[in-house]
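The next block holds one structure in the form of structure tokens; read it before the comments.
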Amino acid sequence: MATRRRKPPTQDAIEHAVKALDKTAELEVQYINSFKGRGVFAKARFRKGDFVVEYRGELINSKESQRRRRTYHNRCAVFMFDFYWREKTWCVDAAREDGSLGRLVNDDHKHPNCKMKRVITEGKPHLCLFALKDINEGEEITYDYGGTDWPWRKQEDKQSDATESFEADIFRTTEQTPQRSSSFKTQCPHDPEPLPSMNKVGMNPSLVDYTDSDESQSPSTNHDQFNSSCQVLFFFSICMY
Ligand SMILES: C[S@@+](CC[C@H](N)C(=O)[O-])C[C@H]1O[C@@H](n2cnc3c(N)ncnc32)[C@H](O)[C@@H]1O
């Protein structure tokens, strides 16, 4: 029996990016817990190298990104993904709850199953997640947000130190996590009033450019050669309570 040829991952990413489409037959959102909130899970198997999902949002320049950071509450600013491209800083602002899946993918700096890469099409960069390994049905989609001092990572470290007290610790930390702070005033894209600015956490994982003409290249194969030349600054703003 003839096997169907797999679409080149970059081409797959470009097709989804251009149409602003998610793989809703293969991915779903699930509520995990009050600490992590929602996450994105595989409903089907992905193979290593596959395009999984785009981190979709509004592409804005650095000046506009800084302006928004001054007004957004942390629970929204955490959805701003800043990166370098063509010697400038750009930002994909995914703060708006638009139903897209990429914005809901959680961080895993120890065992991520995806990696964020730039895909360039029609002269614009798109931030796309590609599978670092085979991903089975039911697995949570994750990538390394970069940086070192995300508050939830400290909590995870505590978990491995003291497993028995984990539930209590989660509850206490949950109270301090920006998105859990329902009693705070919030400034998000749809909110009317400005709020004070938040702390920033700088991160700089490398992203890789793939363009319309790179379709034959697997994202995982030419990653290293691009790493040295494509340094990308990725930082979300978060609040440290
Ligand atoms: C880009 S959002 C991801 C979607 C988010 N979980 C939600 O429900 O909206 C980033 C936020 O998710 C949470 N988060 C991401 N990765 C996490 C992790 N590994 N552990 C706990 N919380 C995490 C943090 O609250 C963070 O501010």
Side-chain angles (χ1 to χ4, degrees), residues 22 27-42 52-60 65 68-69 72-83 91-116 126-129 132 135 139-161 163 166-184 186-191 195 197-203 205 207 234-241:
D22 285 333
L27 295 168
E28 67 182 358
V29 177
Q30 285 178 25
Y31 177 77
I32 302 168
N33 56 40
S34 62
F35 178 53
K36 237 180 164 181
R38 298 158 293 178
V40 177
F41 289 79
V52 177
V53 68
E54 179 187 1
Y55 187 92
R56 196 176 314 122
E58 193 184 344
L59 181 67
I60 54 175
S65 158
R68 291 185 189 188
R69 281 173 197 286
Y72 279 5
H73 186 272
N74 301 290
R75 75 179 171 86
C76 303
V78 79
F79 288 97
M80 297 181 79
F81 191 137
D82 285 3
F83 62 101
C91 172
V92 171
D93 178 357
R96 199 174 290 278
E97 286 273 356
D98 62 357
S100 68
L101 299 179
R103 63 189 292 282
L104 299 181
V105 176
N106 287 318
D107 168 55
D108 185 340
H109 64 297
K110 289 183 181 157
H111 307 289
N113 52 26
C114 287
K115 182 162 182 68
M116 187 73 85
H126 293 263
L127 302 178
C128 295
L129 287 175
L132 282 171
I135 301 173
E139 262 186 66
E140 183 182 358
I141 306 299
T142 58
Y143 68 104
D144 183 354
Y145 283 15
T148 52
D149 46 5
W150 293 98
W152 56 84
R153 290 184 183 171
K154 293 186 191 111
Q155 189 61 28
E156 280 164 2
D157 291 344
K158 268 195 221 158
Q159 179 194 11
S160 42
D161 289 349
T163 311
F166 187 47
E167 289 299 330
D169 283 341
I170 284 178
F171 180 73
R172 283 199 298 275
T173 302
T174 291
E175 294 302 303
Q176 298 165 19
T177 303
Q179 69 179 28
R180 306 265 68 81
S181 52
S182 53
S183 61
F184 281 71
T186 57
Q187 166 76 7
C188 285
H190 49 276
D191 293 340
L195 276 174
S197 61
M198 63 298 294
N199 300 331
K200 279 183 184 172
V201 176
M203 298 183 286
L207 298 192
F234 162 32
F235 54 86
F236 287 134
S237 293
I238 59 165
C239 178
M240 312 291 280
Y241 289 94

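Whatever order the structure lists them in is the order used to number ligands and atoms, beginning at 1.
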Tell me whether [X] has any N or O atom under 3.5 angstrom from an N or O of ligand 1.
| X | result |
| --- | --- |
| Asp107 | yes |
| Asn106 | yes |
| Arg103 | no |

Pull out every atom of ligand 1 sitting under 4.0 Å from any heavy atom of [X], numbered as shown with elements.
| X | answer |
| --- | --- |
| Gly37 | 8 (O) |
| Phe79 | 1 (C), 2 (S), 9 (O) |
| Tyr145 | 1 (C), 2 (S), 3 (C), 10 (C), 15 (C) |

Exercise. Report yes or no: does Asp108 have a heavy atom closer than 4.0 Å to ligand 1?
Key: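 So Asp108 does not count as touching ligand 1.
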Self-check item: Tyr145: which of Trp150, Phe79, Phe81, Tyr55 passes ring pair (Phe, Tyr, Trp, His ring centres under 6.0 Å)
Solution: Trp150
Practice problem: Please lay out, stage by stage, how Arg96 and Arg103 fare under the test side chain to side chain contact (heavy atoms under 4.5 Å, CB included). | Solution: CA-CA 9 Å; Arg96 199 174 290 278; Arg103 63 189 292 282; over 6 Å; no
Practice problem: Evaluate the criterion side chain to side chain contact (heavy atoms under 4.5 Å, CB included) for residue pair Val105 and Leu129; output intermediate values, then yes/no. | Solution: CA-CA 10 Å; Val105 176; Leu129 287 175; 3.9 Å; yes
Practice problem: Quick one: closest heavy-atom pair of Tyr72 and Ala95, and the distance? | Solution: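 Scanning both residues completely, I find the closest heavy atoms to be CE2-CB, 3.7 Å.
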Quiz item: Looking at residues at least two apart in the chain, or sitting in another chain, which of them share a side-chain contact (heavy atoms from CB on, under 4.5 Å) with Ile60?
Solution: Glu58, Glu64, Ser65, Arg68, Met80, Cys91, Asp93
Quiz item: What residues, two or more places apart in sequence or in another chain, satisfy side-chain contact (heavy atoms from CB on, under 4.5 Å) together with Glu140?
Solution: Ile32, Lys36, Phe41, Asn106, Thr142
